[in-house]
Amino acid sequence: MRILHLSSLYQPEQVGGAELMVETLVRMQAGLGAQVGVACLSRRAEPPDRSGAATIYRLGHGTPFHVLDWAEHGRLDHLRYKLAAQWDGRTLAAMEAAVRDFSPDVVNTHSMSELTPRIWPMVRRLGVPVVHTLHDFTSLCSNGAMVRHGRACERQHAKCRAYALLHRLCQRPVDAVVGVGSDILARHLAAGFFRDVPAALRQVIWNPIEAGPPPAPRALPSGGVTFGYIGRIEPSKGVDTLIEACRLEYPHYTRPRDWEGRTIPEVLTGGDHGAIRAWRRAESERITAERRPDLMAWPRGG
């Protein structure tokens with residue numbers, strides 16, 4: 001299989017986890033025998049590099065400046081950059097040339113923060129299936145983070161709705177969508193994105209981690225365990241998974257309905273799956289608080 005990844009950046013130029021994930025995917029897929037390519041923005045355009053395990057297309061950029069120079073520019077330049085990235089015809093043409101040259105069986109688009117969403121219709125026009133991986137909120141938010149003035153946004157603001165309009169118009173050609181977490185996928189679906197993608201092709205796949213040797217067993221410290229967490233303390237960054245892992249299991253019931261004075265709660269037999277999930281969560285929290293309050297995890301910013 002021939003797989004072409006389209007990404008804003010690629011190592012050694014990177015901003016965060018999206019670039020690391022693409023690098024890991026490329027290495028793992030090539031190791032499994034796939035023919036892999038990457039097309040990305042760069043400080044300057046270079047000929048395709050076919051010397052390694054993957055073919056790398058470094059395409060330069062069509063924005064007023066390179067994204068890694070963002071901090072050196074002011075607000076007006078930032079606005080010019082965002083508008084240019086949305087309608088970047090130069091990069092669109094370069095990406096199309098890379099797709100034609102590589103002739104992939106499937107294209108996997110990644111962080112679109114520096115790329116025009118017009119890439120999706122272009123790939124569809126070339127007859128290649130498109131898988132999009134959601135690393136951030138670029139299609140919903142002008143800063144890609146759903147954070148404003150240091151606080152997480154519960155909804156799209158008017159500016160972000162206007163910014164996201166082109167993404168909304170261009171997202172229909174996506175054939176499958178992957179979220180690196182359940183929250184990021186759910187929030188895009190709730191906002192009306194990727195609803196044309198069949199449910200079976202809307203999946204959560206955690207960032208790939210290459211397994212190393214198992215760690216040596218260690219005794220837990222007598223004073224309890226302190227978890228370290230690097231990242232914004234919000235569900236899209238996985239803190240809810242950490243908190244969930246610290247809860248004890250909820251009660252389990254089986255037949256008969258009444259046994260030694262214990263009766264199955266009505267909520268578990270009513271068929272309302274949402275109510276069942278809420279009951280399980282509440283019972284898990286209650287039991288943890290009663291029996292192991294030391295396991296109760298509360299996020300605290302610093």
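Counting from 1, the numbers follow the sequence of the chain as shown.
Hydrophobic clustering, with ILVMFWY side chains joined whenever heavy atoms are under 4.5 angstrom apart, keeps Val67 apart from Tyr163. A single hydrophobic cluster is seen to contain both Met1 and Val178, as judged by linkage of ILVMFWY side chains at heavy-atom distances under 4.5 Å, directly or through other members. Transitive grouping of hydrophobic side chains (ILVMFWY, heavy atoms separated by less than 4.5 Å) brings Leu4 and Leu115 into a common cluster. With hydrophobic clusters built from ILVMFWY side chains whose heavy atoms lie under 4.5 angstrom apart, Val174 shares a cluster with Ile184.
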Q) Would His167 and Ser139 satisfy side-chain hydrogen bond (donor to acceptor under 3.5 Å, both in side chains), going step by step from the backbone distance to the final call? A) CA-CA 6 Å; His167 284 254; Ser139 292; 3.0 Å; yes

Q.
Could you walk me through whether Leu126 and Glu96 satisfy the side chain to side chain contact (heavy atoms under 4.5 Å, CB included) test, starting with their C-alpha distance in whole Å, then the side-chain angles of each, then the deciding distance to 0.1 Å, before giving a yes or no?
A. CA-CA 9 Å; Leu126 296 179; Glu96 179 172 346; 4.0 Å; yes

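Without hydrogens or angle criteria, Arg168 side chain to Ala191 main chain gives a donor-acceptor distance under 3.5 Å. No side-chain donor-acceptor contact under 3.5 Å links His157 to the backbone of Lys159. At least one donor-acceptor pair under 3.5 Å links the side chain of Arg2 to the backbone N or O of Phe102. Checking side-chain atoms of Arg202 against main-chain N and O of Val197 turns up a donor-acceptor pair under 3.5 Å. No donor-acceptor pair under 3.5 Å is formed between the side chain of Ser111 and the backbone N or O of Ser8. Of the possible polar contacts, one joining the Thr24 side chain to the Leu20 backbone as a donor-acceptor pair under 3.5 Å is found. The backbone N or O of Cys170 sits nowhere less than 3.5 Å from a side-chain atom of Arg118 that would complete a donor-acceptor pair. Side-chain atoms of His132 come within 3.5 Å of backbone N or O of Thr109 as a donor-acceptor pair. A distance-only check finds no donor-acceptor pair linking the side chain of Arg58 to the backbone of Arg44 [under 3.5 Å]. Remark: side-chain polar atoms of Thr138 are not paired, donor with acceptor, to backbone N or O of Met112 under 3.5 angstrom.
Arg50 is listed as a side-chain neighbour of Tyr57, based on a closest heavy-atom distance under 4.5 Å. Looking at heavy atoms from C-beta onward, Val267 lies out of side-chain contact with Asp272 at the 4.5 angstrom threshold. For the pair Glu72/Asp77, no side-chain contact is recorded, criterion being any heavy-atom separation below 4.5 Å from C-beta on. Counting heavy atoms from C-beta outward, Gln171 and Val177 have side chains that stay 4.5 Å or more apart. Annotation: side chain of His135 is in contact with side chain of Met21 (closest heavy-atom distance under 4.5 Å). Here the side chains of Leu134 and Phe193 are not in contact, with every heavy-atom distance at 4.5 Å or above. Proximity of Arg280 to Arg277: side-chain heavy atoms (C-beta onward) are nowhere separated by under 4.5 Å. Taking the side chain as every heavy atom from C-beta outward, Lys82 and Gln86 never approach each other to under 4.5 Å.
Using a 4.0 Å cut-off between a side-chain N of Lys or Arg and a carboxylate O of Asp or Glu, Glu283 and Arg286 qualify as a salt bridge. Looking at Arg124 and Asp175, a side-chain N of the basic residue comes within less than 4.0 Å of a carboxylate O on the acidic one, giving a salt bridge.
One finds the SG atom of Cys141 at 12.5 Å from the CZ atom of Arg161 (value rounded to the nearest 0.5 Å). If you take CD1 on Ile56 and OG on Ser51, they are separated by 8.5 Å, rounding to the nearest 0.5 Å. With rounding to the nearest 0.5 angstrom, the CD atom of Glu19 is 5.0 Å from the CG atom of Leu9. Here CG of Leu41 is found 6.5 Å from NE2 of His66. Values are rounded to the nearest 0.5 Å. Atom OH of Tyr81 sits about 9.5 Å away from atom CG of Asp69, to the nearest 0.5 Å. With values rounded to the nearest 0.5 angstrom, Ile205 atom CD1 is found 10.5 Å from Leu185 atom CG.
Under the side chain to side chain contact (heavy atoms under 4.5 Å, CB included) test applied with Pro104, the options Val123, Val99, Ile3 reduce to a single match, Val99. The side chain to side chain contact (heavy atoms under 4.5 Å, CB included) test with Ile119 is passed by exactly one of Leu92, Val130, Val107, Asp88: Leu92.
By the 30° and 60° cut-offs, the orientation of the rings of Trp70 relative to His78 is parallel. Between His188 and Phe194, the ring-plane angle classifies as tilted under the 30° and 60° cut-offs.
A donor-acceptor contact closer than 3.5 angstrom links the side chains of His5 and Gln29.
In this structure, Phe65 has its ring center closer than 6.0 angstrom to the ring center of His73.
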